[in-house]
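Encoded as structure tokens, the structure appears first; notes follow it.
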Amino acid sequence: MTQEEERNELLQVRRDKMDGLRERGIDPFGRKYERTHRAEDILAAFDDQSKEDLEEENVSVTIAGRLVAKRKQGKASFAHLQDQTGRIQIYVRKDRVGEEQYETFGTADLGDWLGVSGTVFKTNRGETSVKADSVTFLSKSLRPLPEKFHGLKDVELRYRKRYLDLIMNPEVKDTFIVRSRVISAIRRYLDGQGYLEVETPTLHTIPGGAAARPFITHHNALDIDLYMRIAIELHLKRLIVGGMEKVYEIGRVYRNEGVSTRHNPEFTMLELYEAFADFHDIMDVTENIINHAAREVLGTDTIQYAGETIHLSKPWARKSMVDLVREHTGVDFSRSMSDDEARRLAEEHGVQITPAMTFGHILNEFFEQKVEEKLIQPTFVYGHPLEISPLARKNADDPRFTDRFELFIVGREHANAFTELNDPVDQRERFEAQVKEKAQGNDEAHPMDEDFLEALEYGMPPTGGLGIGIDRLVMLLTDSASIRDVLLFPAMRDQG
RNA sequence: GGGUCAUUAGCUCAGCUGGCAGAGCACCUGACUCUUAAUCAGGAUGUCGCAGGUUCGAAUCCUGCAUGACCCA
């Protein structure tokens, strides 16, 4: 069976109309068109003018957009054109545009792109509209759009065919405009604070800087396996060694794990490193970045998320992990405790652990299982156990812990930061402990990285570092329930 | 990885205890020069996700698979 025969009636009708345009000398996929206004420009400029005043002014405009509604009534028609800024009504009369153009407009389908020149006027109902003097056919749509009233609801279709989602559901575009503005607001803020934006490799020979499984790829000419980066960290610290004192990168990282409402295999991280700073300074930096982004993009630092009011006004709560666990479970991990005792406490409190876990892992499990989800308002949680923090500096008073914090908002991690470990001897021991964990079956444990250790051996100044998940931040600022709602093209299986 | 639910026309959805596959929008034909989910008259539209099974008969019941959503790990 040929494709021609398989095509259903709806598709065939549009192909026939395309052929009809060509027969009448009109290119169905036209050319450059110079417009003077966007829909929003016209609505904003003339909305508060009276019908009579507008008539007197006789304002000429040229607009272009996708035909999204059409109401034909004989020798005159109303329709709506949609451009990036919104929809505007056009009024096309046969006695004004002429027989030929009215015919062209008459055969136009919903979805086609049209250009219209005319004058701005108000209808009897008060809608600011454009009365066409001429209609130019710009581009044919060979497929029907989703239903005009209900739009596109099927979430699978919305993600797979995001262009349809963007056409039919205007709030989707708003989300991605916020995303774009959040990222540029962060850039502007950091640039203004003297941080230097850099770019480092996304193809790594050793996948480090985080606890995650990497994607593996292959370089043919060099005949070596490479890993898609799981973090930016280790390269940025090499730059600190090199004397670039305040650097940041906003970029994609890749983690080979499941997809969920909070996880996509590729996502966007901000990482920032500042020489001579510690994790307390980085808490201030984190507050400032997020607070600034909210106020600049949304105009407020009080936001709504999933029905909760979240206060992003500074300062945010700063609590130690040990204190929070004590607060929520009564268990005091600050006193000295054997691994066996920690395991016994986990069992008593219904905290699930694996046999290989030691004191620090178990404290972390207490936190994740009993506390994390309760931290709705912004809270810096600091003092993470050594075992789960192989790149963070040890706490000076209690070496079981590190000078590290994570930021929690609406029960989710939004940032991870520490006073960086700059002692190459200690760093080597941490890597060795991680390699041991890997041998015991933790496939997210950090690999040995001799090249990074060598860099540290040249001397890294005391440094504070930060990672912020941009996607989760955008979710927070747009009240989005799923990471897929803030990714234009979320990862999907190749089907359909 | 486990559980629950979903998959029917281009889109949004009905379809009960198994008995001729439906509606609205969109589409086609006609009428209509201030409509706006335009209206009126008429018409056409299907791999019921895929593959098996039960049955005289399956969109409907059973099994497996695929894709997706949500919850859990």
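In what follows, every chain begins at residue 1, and chains take the letters A, B, ... in the order their sequences are listed.
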Taking the ring of A/Phe401 and the ring of A/Tyr382, is the distance between their centroids below 6.0 Å? no
How about A/Phe408 and A/Phe367: are their ring centroids closer than 6.0 Å? yes
Starting at [atom1] of [X] and ending at [atom2] of [N], how long is that distance when rounded to a whole Å?
X	N	atom1	atom2	answer
A/Ile88	B/U35	CD1	P	18 Å
A/Asp16	B/U29	CG	P	11 Å
A/Phe78	B/A38	CZ	P	12 Å
A/Gln352	B/C72	CD	C1'	11 Å
A/Lys72	B/U29	NZ	C1'	12 Å
A/Leu54	B/C34	CG	C1'	15 Å
A/Lys131	B/C34	NZ	C1'	9 Å
A/Asp485	B/A69	CG	C1'	12 Å

When the [atom1] atoms of [N] and [M] are considered, how many whole Å apart are they?
N	M	atom1	result
B/G22	B/G43	P	15 Å
B/C65	B/G42	C1'	45 Å
B/G10	B/G19	P	24 Å
B/C32	B/A44	C1'	23 Å
B/A66	B/C50	C1'	7 Å
B/A37	B/G24	C1'	10 Å
B/U36	B/G30	C1'	23 Å
B/C70	B/A23	P	33 Å

Which is true for [X] with a 4.0 Å heavy-atom rule: it touches a base, it touches only sugar-phosphate, or it touches nothing?
X	result
A/Arg125	base
A/Ser77	nothing
A/Leu145	nothing
A/Arg158	nothing
A/Phe121	base
A/Lys17	sugar-phosphate
A/Gly258	nothing

What's the closest nucleotide to the side chain of [X] if the choices are [options]?
X	options	value
A/Phe149	B/A37, B/C71, B/A26	B/A37
A/Thr123	B/C11, B/U36, B/G68	B/U36
A/Glu9	B/C28, B/U36, B/U67	B/C28
A/Val155	B/G68, B/U12, B/U33	B/G68
A/Gln73	B/G68, B/C71, B/A38	B/A38
A/Glu147	B/G68, B/C27, B/U12	B/U12
A/Lys75	B/G10, B/U67, B/U33	B/U33
A/Met492	B/A26, B/A37, B/G68	B/G68
A/Arg160	B/G68, B/A37, B/U36	B/G68
A/Arg71	B/C13, B/U36, B/C70	B/U36

What one should report as the nearest heavy-atom pair of A/Pro28 and A/Phe137 is O-CE2, 3.6 Å
To check you understand the geometry: which heavy-atom pair defines the closest contact between A/Leu11 and A/Pro144, and what is its length? CD2-CD, 3.8 Å
Searching all strands shown, indicate the nucleotide that pairs with [N] (Watson-Crick or G-U wobble; both distances under 3.5 Å).
N	result
B/A23	B/U12
B/U33	none
B/C5	B/G68
B/G18	none
B/C48	none

Whether A/Lys148 contacts B/A37 is assessed here as follows: a side-chain N or O lying under 4.0 Å from the phosphate OP1 or OP2. Is that the case?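 No, outside the criterion.
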Establish, yes or no, whether the cationic atom of A/Lys70 lies under 6.0 Å from the six-membered ring centre of A/Phe105 and within 45° of the ring axis. yes
Does A/Arg162 use its side chain to pair, donor to acceptor, with the backbone of A/Leu487 at less than 3.5 Å? yes
Under-3.5 Å donor-acceptor pair between [X] side chain and [N] base:
X	N	result
A/Arg93	B/U33	yes
A/Asn124	B/U35	no
A/Glu127	B/U35	no

Using a strict threshold of under 4.0 Å (side-chain N to carboxylate O), is an ion pair present between A/Glu348 and A/Arg344? yes
Regarding A/Lys374 and A/Glu327, does a basic nitrogen lie under 4.0 Å from an acidic carboxylate oxygen? no
Starting at the 5' end of RNA chain B and moving along, which residue's nearest nucleotide shows up first, A/His150 or A/Ala79?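 Nearer the 5' end of the strand: A/His150.
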Take the angle between the ring planes of A/Phe215 and A/Tyr254 and call it parallel below 30°, perpendicular above 60°, tilted in between. perpendicular
